[in-house]
Amino acid sequence: VQLQASGGGLVQAGGSLTLSCPASGRTSSNYVMGWFRQAPGKEREFVTAIYWSLNTAYYANSVKGRFTISRDNAQNMVYLQMNNLKPEDTAIYYCAARNRPNRPIVGALSTAGTYDYWGQGTEVTVSS
């Protein structure tokens with residue numbers, strides 16, 4: 001399963017970017033996709049995730065109200081719209097997918113081990 005996040009770049013604080021990632025290997029009705037990020041010198045952290053069939057999303061507090069995850073069922077893509085970007089959003093962003101029969105609980109969405117597949121990251125740099 002190939003996941004490849006794209007859409008990263010350099011943007012000024014207050015600007016916007018949209019990341020995208022294909023929902024590869026999606027066969028389960030309980031497919032979940034998530035976005036994580038890793039800033040230089042820091043651990044990977046959860047950003048957001050979406051239950052594909054429910055079209056229900058959850059967000060880290062640090063991005064709530066600024067970032068929006070969405071999925072396109074027809075195009076089999078997931079997107080991360082990032083608005084009002086801040087320098088602290090600078091990181092490599094990774095998309096991840098889970099394709100198992102059982103639906104993970106909400107509390108598990110922020111755990112990297114919940115996901116089976118990871119893509120190559122895309123770099124986002126926010127200048128002040």
Side-chain angles (χ1 to χ4, degrees):
V1 174
Q2 296 282 338
L3 297 178
Q4 178 61 62
S6 60
L10 173 64
V11 64
Q12 288 189 329
S16 299
L17 279 176
T18 301
L19 308 183
S20 62
C21 181
S24 301
R26 184 171 66 90
T27 59
S28 169
S29 60
N30 288 313
Y31 191 82
V32 176
M33 286 204 76
W35 288 93
F36 287 73
R37 66 186 182 185
Q38 187 166 17
K42 294 188 176 181
E43 293 187 354
R44 189 172 297 190
E45 66 173 2
F46 170 76
V47 176
T48 180
I50 187 168
Y51 289 109
W52 192 276
S53 60
L54 299 177
N55 199 21
T56 302
Y58 296 87
Y59 299 88
N61 288 334
S62 58
V63 306
K64 204 171 292 184
R66 300 188 297 122
F67 290 13
T68 303
I69 188 172
S70 63
R71 59 103 169 113
D72 186 323
N73 207 36
Q75 298 294 323
N76 214 36
M77 295 287 291
V78 68
Y79 302 98
L80 180 62
Q81 174 68 43
M82 304 185 295
N83 297 327
N84 190 22
L85 282 160
K86 304 175 180 180
E88 52 264 41
D89 295 318
T90 294
I92 297 176
Y93 284 70
Y94 300 89
C95 58
R98 172 190 172 97
N99 190 51
R100 302 183 202 175
N102 58 311
R103 181 182 301 158
I105 60 173
V106 173
L109 295 177
S110 59
T111 302
T114 294
Y115 301 86
D116 305 308
Y117 311 111
W118 291 81
Q120 301 279 350
T122 186
E123 189 167 5
V124 172
T125 303
V126 184
S127 63
S128 56

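Computed from heavy atoms alone, side chains included, the values below leave out hydrogens, waters and symmetry copies.
When all heavy atoms are compared, the tightest approach of N83 to S16 is OD1-OG, 2.9 Å. The heavy-atom pair separating P101 from S28 by the smallest distance is CA-OG, 3.9 Å. Scanning both residues, S20 and M77, for their nearest heavy atoms gives CB-CE, 3.8 Å. Summarising the geometry of L10 relative to S127, their closest heavy-atom pair is CD1-CB, 4.4 Å, with the distance given to 0.1 Å.
Counting heavy atoms from C-beta outward, Y59 and I69 have side chains that approach closer than 4.5 Å. The closest side-chain heavy-atom distance from N76 to W52 is below 4.5 Å. The side-chain heavy atoms of L80 and M33, taken from C-beta on, include no pair separated by under 4.5 Å.
Applying the 6.0 Å contact sphere to CD of Q120 captures no more than 12 heavy atoms from other residues, nucleotides or ligands.
A donor-acceptor contact under 3.5 angstrom links the side chains of Q81 and T18, judged on distance only. Judged by distance alone, the side chains of T125 and T90 never bring a donor and an acceptor atom under 3.5 Å apart.
Between the S53 side chain and the N30 main chain, no donor and acceptor come within less than 3.5 Å of each other. The main-chain N or O of P87 is never found under 3.5 Å from a side-chain atom of S128 such that the two would form a donor-acceptor pair. Under the 3.5 Å distance criterion, the side-chain polar atoms of S110 are left unmatched by any main-chain donor or acceptor of F46. Using modelled atom types, one side-chain atom of Y51 and one backbone atom of P104 make a donor-acceptor pair closer than 3.5 Å. T111 places no side-chain N or O within donor-acceptor distance of the main-chain N or O of G113, the cut-off being under 3.5 Å. Side-chain atoms of R98 do not come within 3.5 Å of backbone N or O of V32 as any donor-acceptor pair.
Clustering ILVMFWY residues whenever any of their side-chain heavy atoms sit less than 4.5 angstrom apart, transitively, puts V63 in a cluster other than the one holding Y94. When the side chains of ILVMFWY residues are joined at heavy-atom separations under 4.5 Å, either directly or via intervening members, Y58 and L19 end up in two distinct hydrophobic clusters. By the criterion of side-chain heavy atoms lying less than 4.5 angstrom apart, applied directly or through intervening Ile, Leu, Val, Met, Phe, Trp or Tyr residues, I92 is not grouped with Y117; the two fall into different hydrophobic clusters. Hydrophobic clustering (ILVMFWY, side-chain heavy atoms < 4.5 Å, transitive): I50 and L3 are in one cluster. One hydrophobic cluster, built from ILVMFWY side chains closer than 4.5 Å, holds both L54 and L109.
Screening F36, Y31, W35 against Y115 for a ring pair (Phe, Tyr, Trp, His ring centres under 6.0 Å) leaves a single residue, F36.
Every residue two or more places apart in sequence or in another chain that forms a side-chain hydrogen bond (donor to acceptor under 3.5 Å, both in side chains) with T27 is listed here: N99.
For residues 43-70, the pairs satisfying salt bridge (charged side-chain N to carboxylate O under 4.0 Å, His left out) are R37-E45, R66-D89, with sequence neighbours left out. Applying the salt bridge (charged side-chain N to carboxylate O under 4.0 Å, His left out) definition to pairs two or more places apart or across chains, those involving residues 99-115 are R100-D116.
Using cut-offs of 30° and 60° for the angle between ring planes, the F67 and Y93 rings count as tilted.
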